[in-house]
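One structure below.
Since this is a predicted model, take the numbers as computed values, not measurements. Proteins get letters first, then strands, A, B, ... in listed order; numbering begins at 1 in each.
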Protein chains: 2
Amino acid sequence: MMSEEHSLFIETWGSMGVLWGINRSMARIHAFVMLNEDPVDLDTVAGELDISRGNASMSLKELRNWGVIHRVHISGDRRDFYVAEPDTWRMLFKIAIVRKEREFNPAMQALRDLLTNAGLEKGSGVYTRMNDLEKSFSKFDRIMKKALGNERRSRMMLDLLTGFRD
Amino acid sequence: MMSEEHSLFIETWGSMGVLWGINRSMARIHAFVMLNEDPVDLDTVAGELDISRGNASMSLKELRNWGVIHRVHISGDRRDFYVAEPDTWRMLFKIAIVRKEREFNPAMQALRDLLTNAGLEKGSGVYTRMNDLEKSFSKFDRIMKKALGNERRSRMMLDLLTGFRD
DNA sequence: ATCATGTTTCAATCCTTTCTGAACGTACTA
DNA sequence: TAGTACGTTCAGAAAGGATTGAAACATGAT
């Protein structure tokens, strides 16, 4: 049985995941793996969190693609086991990178097109508003690029050091 | 008819809205209002964006609740008209504030409960991971609080200066 | 080769969110 | 008073996502 705090954390993490675009099952599983010192297997995940094996399998796969959990093997056991990525920043960065490229960059591009090609009047309220917005976006972009640059470097280091391999 | 750039911006903004939890219609309407120098009315919104009057009415109401658009009246006209909030930062802040309080704060609380009450072993990998995560969250929290503090002040200023009222 | 064990896939189902459109309310006009 | 213009609401329809469960697949042991 799981402690009060553990379930609370799992459910909260689940809600939070929904917020940033990871579905509830995936986020709950992620929390569960994070909370386990020892590697966990598919059946344990499905059983403890009360979700289907199919769903658990797909979610674990996706979490691996995000690089936030890793598959490990235990000798003498045929099952796959999973452990959480020890670098907790990694998950947040991963999500930020994908999000930025998929959602933010196109919006910034559309905004710039608008400013250069839509023939807005320079003095108008719309122009001022859009120009302000573009400035905000650019600033955010610069901050992100800097952060992601650091992450890319540190991720390479981490891969070299930990040697986690599926 | 709308220019290429305008529609592109509207649709992109629509997708982006989905990302941060505003639904597509609302975000599209918001973009449309932002792009119009002159106040727009409900029927124009519904007609141009090809959504039902019911949806447009509800979305405009919600956007007003967020404070990102305002209702204005034009003398001699019975219709309600809408204009965009001129402070473009406001929308981003509004969303950030609500999001933070609704989603982030509970997660941080659950994390802290976990660290203090779940009896995790100090030396364990789980403890280290969770402690790191808590540090990251706290840092983010401090940054947000600072930013939101500034926003609160600037918002009061803005209200005094602009005098927009529904 | 067959069984036992474990994993993956995907069509069907379920659930949640969003959207529509008709009905209603209100206020103005003739 | 009836008619018109406009805004709002909400039950149900539609769309979109998440989840299940069973079948297919893979691998190792006997």
*In terms of side-chain heavy atoms of Ile51(A), which of dT18(C), dG6(C), dT20(D) is nearest?*
dT20(D)

Rounded to the nearest Å, what distance is computed from the [atom1] atom of residue [X] to the [atom2] atom of nucleotide [N]?
X	N	atom1	atom2	answer
Glu62(B)	dG7(D)	CD	C1'	17 Å
Arg24(A)	dC14(C)	CZ	C1'	16 Å
Arg79(A)	dA4(C)	CZ	C1'	14 Å
Met26(A)	dA18(D)	CE	P	10 Å
His73(A)	dG28(D)	NE2	C1'	14 Å
Asp77(B)	dC6(D)	CG	P	7 Å
Asp41(B)	dA5(D)	CG	P	14 Å
Ile22(A)	dA18(D)	CD1	P	11 Å

_Would you compute the distance between atom CG of Leu120(A) and atom OG1 of Thr128(A) and round it to the nearest 0.5 angstrom?_
10.0 Å

Could you list the protein-to-nucleotides 8-13 of chain D atom pairs, N/O on both sides, closer than 3.5 Å?
| from | atom 1 | to | atom 2 | distance (Å) |
| --- | --- | --- | --- | --- |
| dT8(D) | OP2 | Ser57(B) | OG | 3.2 |
| dT9(D) | OP2 | Lys61(B) | NZ | 3.0 |

*Taking only the side-chain nitrogens and oxygens of Ser52(A), find out if one of them lies under 4.0 Å from OP1 or OP2 of dT19(D).*
no

*Out of Leu60(B), Ile29(B), Asp80(B), which residue meets the side chain to side chain contact (heavy atoms under 4.5 Å, CB included) rule with Leu42(B)?*
Leu60(B)

*Just wondering, are more than 12 heavy atoms of other shown residues or ligands nearer than 6.0 Å to CG in Asn65(A)?*
yes

_Just checking Glu37(B): does its CD atom have more than 12 heavy atoms from other residues, nucleotides or ligands closer to it than 6.0 angstrom?_
yes

*Phe32(B): what forms a ring-ring contact (aromatic ring centres under 6.0 Å, His included) with it, not counting sequence neighbours?*
none

*Taking the side chain as every heavy atom from C-beta outward, state whether Leu49(A) and Val45(A) have any atom pair closer than 4.5 Å.*
yes

What protein N or O atoms touch nucleotides 24-27 of chain D N or O atoms at under 3.5 angstrom, if any, and at what distances?
| from | atom 1 | to | atom 2 | distance (Å) |
| --- | --- | --- | --- | --- |
| dT27(D) | O2 | Arg78(A) | NH1 | 3.4 |

*asked:* Does His30(A) form a side chain to side chain contact (heavy atoms under 4.5 Å, CB included) with Trp66(A)? I'd like the steps, not just the answer.
replied: CA-CA 11 Å; His30(A) 181 224; Trp66(A) 283 95; over 6 Å; no

*Taking Ser138(A) as the fixed residue, which of Arg142(A), Lys135(A), Glu134(A) is the one that meets the side chain to side chain donor-acceptor pair (under 3.5 Å) rule?*
Glu134(A)

_Show, in sequence, the C-alpha distance, side-chain angles and deciding distance for Gln109(A) and Asp113(A), and conclude whether the side-chain hydrogen bond (donor to acceptor under 3.5 Å, both in side chains) test is met._
CA-CA 6 Å; Gln109(A) 194 50 53; Asp113(A) 283 357; 3.2 Å; yes

